[in-house]
Amino acid sequence: RDCLLSRGLGDVYKRQIVFWQNCLSPHQLPYIVHLMDDKRVDEVVVVTEESISDERKKMGWELGCYPQIEKCSIIISPNNDKIRALFNMREADSWHLFSGIHGFPFIFHCFKISLVYNIKRGIVTECPYTYAFGSNNGKPLWLHSIRFFLQDYKYAKYIDKVFAMGNRATKYFKSVYSKWNVYPFMYCTQPKEKNNLIANQTATTKFLFVGSLSYRKSPKIISSSLVSCIKNNSKFDCHVTYVGDGNRRIDLENYIIKNNLKSYVTLTGFQPQTEIPTWMSKNDILILPSIHDGWGAVVNEALQTGMYVICSNTCGAADLLKDERIGKVFHVNNEQQLSEIMQWCHDNIDTIRHDRFFRQQWADKHISGRVLAKYMINCLIENK
């Protein structure tokens with residue numbers, strides 16, 4: 001009956017999409033708000049435990065960072081009665097998309113409640129966390145596979161679709177349960193006004209790091225690679241700006257002083273999220289050298305402003321850098337390879353700057369929220 005009520009005579013069959021998340025995600029809302037632009041969707045609901053996490057607040061995120069959020073129904077910290085009501089509503093024509101299964105207690109709690117309802121389920125998730133925070137050795141994927149069979153395999157039959165962040169995650173989820181329909185997916189970011197993005201015009205090649213100064217993000221390798229560049233080329237004219245803060249800042253500051261890099265490097269600390277596009281507009285090349293990043297949405301932000309991008313092969317967003325005009329990928333922790341790419345950027349800076357508008361256009365056509373929303377809907381309605 002609910003299904004029939006959602007149709008009008010001659011109308012396209014409408015669907016409801018409900019997201020179950022730990023908080024309002026700045027890297028998912030940019031496509032979620034565009035789902036309603038498609039005539040095949042008539043309602044989008046986002047259910048979260050909290051609006052913005054404390055970690056995001058420290059990084060400068062505010063609710064005002066989410067334009068067009070009024071298109072969605074936002075439900076924060078619902079009780080069990082409300083959770084059940086959401087599953088009971090429009091069972092026949094709804095998709096319920098969970099941010100993983102066991103990743104967050106609130107989501108797992110809601111997922112378990114959902115199992116008694118005849119609904120269509122999917123998960124939106126990164127590759128398992130193969131990096132143990134603060135140490136060199138993470139859990140390899142084969143160990144995660146064992147954990148999946150012991151802990152989550154019993155839930156697999158209740159899940160129809162998996163939106164996996166990046167090729168590595170896609171391969172993993174296809175391997176653990178062959179009956180799933182697994183789709184390569186990505187995080188995305190909200191593009192900023194292009195007329196505010198004035199590219200760097202100085203002779204100096206400007207590199208930028210945006211993120212936490214933590215072991216996982218591996219920020220020091222940029223400075224150590226810079227040392228190699230300077231040793232190999234006395235005329236190496238560049239500057240590195242670090243936007244962010246974290247427990248590795250003191251170590252990084254000591255390294256900068258010890259290697260006489262103070263004239264080459266600036267540490268700004270955390271900046272409001274609204275200021276990040278300005279920092280990107282003043283710099284040429286973003287470097288994301290993470291030891292582990294499920295995706296690395298800062299890469300999307302950089303490409304949307306036309307920046308060139310260098311990132312490690314352990315970032316999901318490395319999948320975007322297949323065209324040399326867009327960026328380059330280096331093997332994680334390979335200082336020599338990173339320094340060679342930095343030198344290449346320095347030698348080709350005129351071409352990199354010339355292609356800035358090309359990268360903006362490419363990002364709009366391939367990784368915008370509007371494009372990703374249509375792709376998700378197509379995946380949800382296909383009969384496979």
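Since the structure is predicted, the reported quantities are computational estimates derived from the model, not experimental observations.
- Ile230 places a side-chain heavy atom less than 4.5 Å from the side chain of Tyr264.
- In this structure, Arg216 pairs ionically with Asp293, as a charged nitrogen and a carboxylate oxygen lie closer than 4.0 Å.
- Using a 4.5 Å heavy-atom threshold, the side chains of Phe106 and Cys23 count as separate.
- None of Phe111, Phe87, Phe108, Phe104 except one satisfies the ring pair (Phe, Tyr, Trp, His ring centres under 6.0 Å) rule with Trp20; the exception is Phe87.
- In this structure, Val329 and Gln337 approach most closely via the heavy-atom pair O-NE2, 4.1 Å.
- Note: Tyr375 and Phe185 have parallel aromatic rings, judged against thresholds of 30 and 60 degrees for the angle between ring planes.
- With no hydrogens or angles considered, no side-chain donor-acceptor pair links Asp364 and Gln360 at under 3.5 Å.
- Using a 4.5 Å cut-off on side-chain heavy atoms (C-beta onward), Met307 and Lys206 make no contact.
- Side-chain atoms of Tyr242 and Ser223 form a donor-acceptor pair, as typed in the model, at a separation below 3.5 Å.
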Given the rule in the side chain to side chain contact (heavy atoms under 4.5 Å, CB included) test, do Leu150 and Arg147 qualify, once you have shown the distances and angles that lead to the verdict? CA-CA 5 Å; Leu150 294 175; Arg147 180 201 58 77; 5.8 Å; no

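- Other residues, nucleotides and ligands place no more than 12 heavy atoms under 6.0 Å from the OH atom of Tyr153.
- Between the side chains of Trp295 and Asn300, at least one donor N or O sits under 3.5 Å from an acceptor N or O.
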Candidate pair Asp284 and Arg353, rule salt bridge (Lys or Arg N to Asp or Glu O under 4.0 Å), full reasoning: CA-CA 7 Å; Asp284 302 300; Arg353 289 174 178 171; 2.9 Å; yes

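- The shortest side-chain heavy-atom distance between Leu252 and Arg248 does not fall under the 4.5 Å cut-off.
- Between the side chain of Thr314 and the main chain of Ser290, a donor-acceptor pair closer than 3.5 Å is present.
- Side-chain contact between Glu324 and Tyr308: present, with at least one pair of heavy atoms (C-beta onward) separated by less than 4.5 Å.
- Nearest heavy-atom pair, Val33 versus Lys71, reported as atom, atom and distance to 0.1 Å: O-CD, 3.0 Å.
- Side-chain contact between Leu288 and Val309 is absent, with no heavy atoms from C-beta onward closer than 4.5 Å.
- In this structure the side chain of Met280 never reaches within 4.5 angstrom of the side chain of Gln304, judged on heavy atoms.
- When ring centroids are compared, Phe330 and Trp344 stay outside the 6.0 Å threshold.
- Counting only N and O atoms by type, the side chains of His239 and Asn283 include no donor and acceptor under 3.5 Å apart.
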